[in-house]
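Working notes for the structure below.
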2 protein chains.
Amino acid sequence: MEDSVGPLLGREGLQPKGVARRREILDRAIEVFRERGADGTSLRRIAAALGVSHAALLHYFDSREQLLVAVYAHAESQRGAATPPRAGVSSITEAAVANVEVPGIVQLYSTLVAASLEADSEVGRQYFSDRFARLRAQLTADFERDQRDGRMRADVPAEHIAVLLIAASDGLQIQWLLEPSVGLESTLRTFAALLEPPRAGVTGS
Amino acid sequence: MEDSVGPLLGREGLQPKGVARRREILDRAIEVFRERGADGTSLRRIAAALGVSHAALLHYFDSREQLLVAVYAHAESQRGAATPPRAGVSSITEAAVANVEVPGIVQLYSTLVAASLEADSEVGRQYFSDRFARLRAQLTADFERDQRDGRMRADVPAEHIAVLLIAASDGLQIQWLLEPSVGLESTLRTFAALLEPPRAGVTGS
DNA sequence: GTCTATACTTTGATAGAC
DNA sequence: GTCTATCAAAGTATAGAC
């Protein structure tokens, strides 16, 4: 409608499909996920929840994978816009906790990541490859700053810590879903403890 | 309900179906995976490679998921039997390196784990839930021993380290497949470095 | 631009014949 | 024990109505 987005895809020619309607579909699809978990993810189920035919969805997304990736990206950006920006371990911990609280989001993420490893995956591979690279770069910068300022031990590469944290967070959410007695926040706090600089003064708890 | 009467696949003598033929199927299926990667995982493709119909496979496995879980379990047990037993971080590192060298095994693992999170998953959920629990217990015992013997810092819970290591290893393999410049062994070595006990007696202050 | 109708192909799964 | 036959559901693709 009139609520046009700022991120401008330039002229309308660049985005071959309707942007507003696209957004409606994604919003509704996320609601479906919240209600039915990661089950009704088939094109026909999502379309039924929207009151349209499954073929209509393919007018806005080239494939089911592309739709689901867009759904996850949309959900992630919504969360990011609704929470104060953090840095380092806190940002990942906060995201992990938010993830496991939304039914189906971890299943969706895990399924899409697994699919992105397949040879024929194109959209998913590109998206998650970029996402991981962006997360690594952001966290690496955070950690290098922490190391420079003496808030983190500097005897290990910041980039390795970034990779480890992302990997640990992803794996932790899965283990937590299968066995909730595995602490999510507490385990990530332990990871943070491993990063404390030697002999640093105890900060306010 | 009560269908959890040991439907485990790693051990023998569980299903009322031919055990020997079952093993043949699994052996051949693993070969198919090594050749064609994680693609031909449909029942019909596997059956074609075996020279039988897809319905024949369902005579030995109740579902596709059960077959694939059995394939993964079989592959993992084969690897375990072909390598010297290790402990702690080394065991996980070795397993991770072996995994990424087999085309399709990480895809298979990731896909099955993601599927095990679904509500309707029964076999997969049981298998991976047990697998994670077993790995956690094993590693926790290793780390507690290391802590007792002064080979690992003792200011963090051994169980948290176990959870983190498993999670990090799983997530790392995925990141490595998407971006091989992410070091696998080197990153896990950094994790091990985080666990080293504080160096006593070196500092003069 | 938006959507329905339709059809093609592959999939997992089941039933019954040999 | 293994097959053929068959089913329902799925992703995908095209044609065409408004």
Side-chain angles (χ1 to χ4, degrees), chain A residues 1-5 9 11-29 32 36 38-71 107-108 111-112 114-116 118-124, chain B residues 3 7 15-26 28-29 32 36 38-71 108 111-112 114-116 118-124:
Chain A
M1 307 293 205
E2 69 284 351
D3 182 17
S4 62
V5 263
L9 312 133
R11 314 138 188 80
E12 49 258 38
L14 285 186
Q15 187 71 34
K17 308 300 165 57
V19 178
R21 180 62 173 142
R22 223 175 130 103
R23 195 193 199 88
E24 288 178 13
I25 292 176
L26 292 181
D27 285 333
R28 183 73 188 101
V32 176
R36 310 156 84 118
D39 281 344
T41 68
S42 79
L43 287 177
R44 284 172 174 83
R45 300 269 282 232
I46 298 175
L50 281 158
V52 297
S53 74
H54 72 281
L57 296 182
L58 293 179
H59 265 256
Y60 303 94
F61 305 91
D62 293 338
S63 68
R64 173 179 178 261
E65 185 192 23
Q66 189 177 90
L67 167 60
L68 293 185
V69 169
V71 167
Q107 286 94 320
L108 176 63
T111 302
L112 291 178
S116 78
E118 301 293 327
D120 59 341
S121 172
E122 190 61 43
V123 201
Chain B
D3 58 343
Q15 286 277 345
K17 310 297 171 57
V19 178
R21 178 66 173 141
R22 225 176 127 102
R23 194 187 202 91
E24 289 177 14
I25 292 176
L26 292 182
R28 183 74 189 100
V32 176
R36 309 157 82 116
D39 281 343
T41 68
S42 78
L43 289 175
R44 281 172 175 84
R45 301 268 281 230
I46 299 175
L50 280 157
V52 297
S53 74
H54 75 282
L57 297 182
L58 294 176
H59 202 80
Y60 301 94
F61 305 91
D62 293 339
S63 68
R64 172 179 178 262
E65 186 192 22
Q66 189 177 89
L67 167 60
L68 293 185
V69 169
V71 167
L108 176 62
T111 302
L112 291 177
S116 77
E118 301 291 328
D120 59 341
S121 170
E122 191 59 45
V123 201

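So you know, we letter chains A, B, ... as the sequences are listed, proteins then strands, and number each from 1.
- Nucleotides of DNA chain D nearest to B:Val52 and A:Arg64 differ in position, and the one nearer the 5' end is that of B:Val52.
- Between the CG atom of B:Leu67 and the P atom of C:dA13 there is a distance of 10 Å, rounded to whole Å.
- Counting only distance, with no hydrogens or angles, the side chain of A:Arg28 and the backbone of A:Leu50 share no donor-acceptor pair below 3.5 Å.
- For B:Thr41 and B:Arg64, the side-chain atoms include at least one donor-acceptor pair closer than 3.5 Å.
- For B:His54 against C:dA13, a side-chain N or O and a base N or O form a donor-acceptor pair under 3.5 Å.
- Looking at the side chain of B:Ser63, the nearest of the listed nucleotides D:dC3, C:dA13, D:dT12 is C:dA13.
- Across the protein-nucleic acid pair, A:Leu43 atom CG and C:dC3 atom C1' stand 15 Å apart, rounded to whole Å.
- Nearest nucleotide to the side chain of A:Arg44, out of D:dA5, D:dT14, C:dA7: C:dA7.
- Considering CD of B:Glu65 and OG1 of B:Thr111, their distance stands at 11.5 Å, rounded to 0.5 Å.
- Put simply, CD on B:Glu24 is 13 Å from P on D:dG1, counting in whole angstrom units.
- Remark: C1' of C:dC3 and CZ of A:Phe61 are 15 Å apart, rounded to the nearest angstrom.
- Spacing between atom CG of A:Leu50 and atom C1' of C:dC3 amounts to 13 Å, rounded to whole angstrom units.
- At the phosphate of C:dG1, neither OP1 nor OP2 sits under 4.0 Å from any side-chain N or O atom of A:Tyr60.
- Taking atom CG of residue B:Leu57 and atom C1' of nucleotide C:dT14, one finds them 15 Å apart after rounding to whole Å.
- Atom-to-atom, CD of A:Glu65 to P of D:dT12 comes out at 9 Å; the value is rounded to the nearest Å.
- Between the side chain of B:Arg21 and the base of D:dG1, no donor-acceptor pair under 3.5 Å is found.
- Relative to the side chain of A:His59, the nucleotides D:dG16, D:dG11, D:dG1 differ in distance, and D:dG16 lies closest.
- The nearest whole Å value for the distance from the CZ atom in A:Arg22 to the P atom in C:dC3 is 14 Å.
- Mapping A:Ala55 and A:Arg45 onto DNA chain D via the closest heavy atom, the residue that lands nearer the 5' end is A:Arg45.
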A:Ile25 and A:Val52: side-chain contact (heavy atoms from CB on, under 4.5 Å), yes or no, with the steps? CA-CA 10 Å; A:Ile25 292 176; A:Val52 297; over 6 Å; no
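- In this structure, CG in B:Leu43 is found 7.5 Å from CG in B:Leu68, a value given to the nearest 0.5 Å.
- At a threshold of 4.0 angstrom between heavy atoms, the contacts of A:Ser53 include nucleobase atoms, whether or not backbone atoms are also involved.
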